Amino acid sequence: MISRRMFAKGAIKGALALASVPVFARAAAAPRPFFIDSDTASDDAVALILAFAEPGIDIVGIGTVAGNVPLDSATQTALYVRELCRSKAPIHVGADRPLTRDLETAQDVHGKDGMGDVGLPIGGRKPDSEDAVGALIEAARRHAGKLELVTLGPLTNIAVALRRAPEIVKQIKSCTVMGGVSDYVGNITPVSEFNIWVDPEAAEITLRSGLAIDMVGWDISRKYAVIDDNDAASLRAIGTERAKVAVDCQKVLRAFNERVSGLKGFDLPDPIAMAIALRPSIGTRRRQDHASVLGGEGPTRGMVMFDESPIGPKGAQIGVVEEASRDGFMAMMREALAR
Ligand code: RIB
Ligand code: CA
């Protein structure tokens, strides 16, 4: 029978032993849980490669949504990239069209298959479920207060999840949205960006929901994430399979930019938004703003209107990234493509 005195002595000895172990050796930090929603085409694919390569995160789910390409194509491309990166992240199928509108894709920008029409072996893989919305709600519940959400496509799945389970606003720690433009220079109309334009109603529900939103607009891609032919060649020369795919699948986007948007090379809106979600310091300047989304048709469809006036009712405030570190982004790209 151990005496009280002997027990006390043992406990003190144990405590002293533990105290001598450096804090970092006691327990590695728990990985950050991420959920990614994507209309997977050529730039989304590179964003997924960045996420799959990032240490210290746990991708608890990927939801697919129609946008750049029809839903099945987005799903099959996400499954292909997951296999390319030897990830086991679960992939769930989401909405095949916007909340109230017909689907309008961007296959003229990314290619019919969304991946540059260069003949990548995409197709024939099986998703983990047909319920991206349910998977997001479950992930928010299971990782309440910790889940980091990143959206790379139209916000249809997010809006449906918010309607079905409004409590996720409090459970989701942060929501990085690739969408809109902080300087009103659009890529689908003079003032609108594609992801918001495809489903403005879903975007309005999402931006005004109270989610802790960090908006990374297409302006950030235009200013800090254009990959010219020299950069593309040096990324591809990394020589891994994923480096070759990441560059080759941008073929149609590069031609579109040369013909239409005037950017010198292909630009990577989703990857730089993903980089900022994974390493927030890559977003070097932000503002807080009230935002609302215009619906209807015509040049202002999908415009994210910022409201700094003291007049009138205000929706939720969101964070808007205004500047980013190209060096930080490109370093992350090289690291991930070399994996
Ligand atoms: O406007 C750019 C966005 O639209 C990117 O997410 C691209 O993949 C497309 O979805
Ligand atoms: Ca996208």
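First listed ligand is number 1; within each ligand, the first listed atom is number 1. On a predicted model such as this, the values are computed, not experimentally measured, just so you know. Heavy-atom basis, side chains included; hydrogens, waters and symmetry copies ignored.
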K.L.:
So which protein heavy atom does atom 2 (C) of ligand 1 come closest to, and at what separation?
P.N.:
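Going atom by atom, the protein heavy atom closest to atom 2 (C) of ligand 1 ends up being Glu193 OE2, 3.4 Å.
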K.L.:
Assess Asp43: does it contribute an N, O or S atom lying under 3.0 Å from the Ca ion (ligand 2)?
P.N.:
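Given the 3.0 Å cut-off, Asp43 does not count as a ligand of the Ca ion (ligand 2).
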K.L.:
Can you name the one residue among Arg326, Arg236, Arg334 that meets salt bridge (Lys or Arg N to Asp or Glu O under 4.0 Å) with Asp231?
P.N.:
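Result for salt bridge (Lys or Arg N to Asp or Glu O under 4.0 Å) with Asp231: Arg326.
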K.L.:
Work out which heavy atom in Arg286 is nearest to a heavy atom in Ile276; give both atom names and the distance.
P.N.:
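Of all heavy-atom pairs spanning Arg286 and Ile276, the closest is NH2-CG2, 3.4 Å.
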K.L.:
Is the Ca ion (ligand 2) less than 3.0 Å from at least one N/O/S atom of Leu152?
P.N.:
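True for Leu152.
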K.L.:
Identify the protein heavy atom lying closest to atom 4 (O) of ligand 1, giving its residue, its atom name and the separation to 0.1 Å.
P.N.:
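It is Asn195 OD1, 3.2 Å.
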K.L.:
For atom 8 (O) of ligand 1, what is the nearest protein heavy atom, given as residue, atom name and distance?
P.N.:
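Nearest protein contact, heavy atoms only, for atom 8 (O) of ligand 1 is Asp43 OD1, 2.5 Å.
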K.L.:
What N/O/S atom of Asp39 is the closest to the Ca ion (ligand 2)?
P.N.:
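Asp39's closest N, O or S atom to the Ca ion (ligand 2) is named OD1.
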K.L.:
Of the non-hydrogen atoms in Leu155 and Val177, which two are nearest, and what is the gap between them?
P.N.:
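Looking at all heavy atoms of both residues, the closest pair is CD1-CG1, 4.3 Å.
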K.L.:
I need the minimum non-hydrogen distance between Gly186 and Trp218, along with the two atoms involved.
P.N.:
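Shortest heavy-atom contact: O-CZ3, 3.6 Å.
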K.L.:
Measure the distance from atom 6 (O) of ligand 1 to every protein heavy atom, then report the residue, atom name and distance (to 0.1 Å) of the closest one.
P.N.:
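Of every protein heavy atom, Asp270 OD1, 2.6 Å lies nearest to atom 6 (O) of ligand 1.
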K.L.:
Between the Ca ion (ligand 2) and Asp270, which N, O or S atom of the residue is the nearest one?
P.N.:
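That would be atom OD2.
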K.L.:
Any idea which heavy atoms bring Ala203 and Ile196 closest together, and the distance?
P.N.:
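Distance-wise, the nearest heavy atoms are CB-CG2, 3.7 Å.
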K.L.:
Is the shortest heavy-atom distance from the side chain of Leu136 to the side chain of Asn157 under 4.5 Å?
P.N.:
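With C-beta onward as the side chain, the pair stays apart.
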K.L.:
Can you give me the closest heavy-atom contact between Ser182 and Met215, atom names plus distance?
P.N.:
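Answer, listing the atom of Ser182 first, then Met215: N-CE, 4.0 Å.
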K.L.:
Quick check: is Val245 connected to Val81 through a chain of hydrophobic side chains (ILVMFWY, heavy atoms under 4.5 Å apart)?
P.N.:
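Same hydrophobic cluster.
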K.L.:
Could you tell me whether some N/O pair between Leu152 and ligand 1 is separated by less than 3.5 angstrom?
P.N.:
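So ligand 1 has an N or O lying under 3.5 Å from an N or O of Leu152.
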K.L.:
So which heavy atom in the protein is nearest atom 9 (C) of ligand 1, and how far is it from that ligand atom?
P.N.:
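For atom 9 (C) of ligand 1, the nearest protein heavy atom comes out as Asn68 OD1, 3.1 Å.
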K.L.:
Give the contacting part of Asn187 toward ligand 1: side chain, backbone, both or neither, where contact means a heavy-atom distance below 4.0 Å.
P.N.:
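For Asn187, the contact with ligand 1 is made by the side chain alone.
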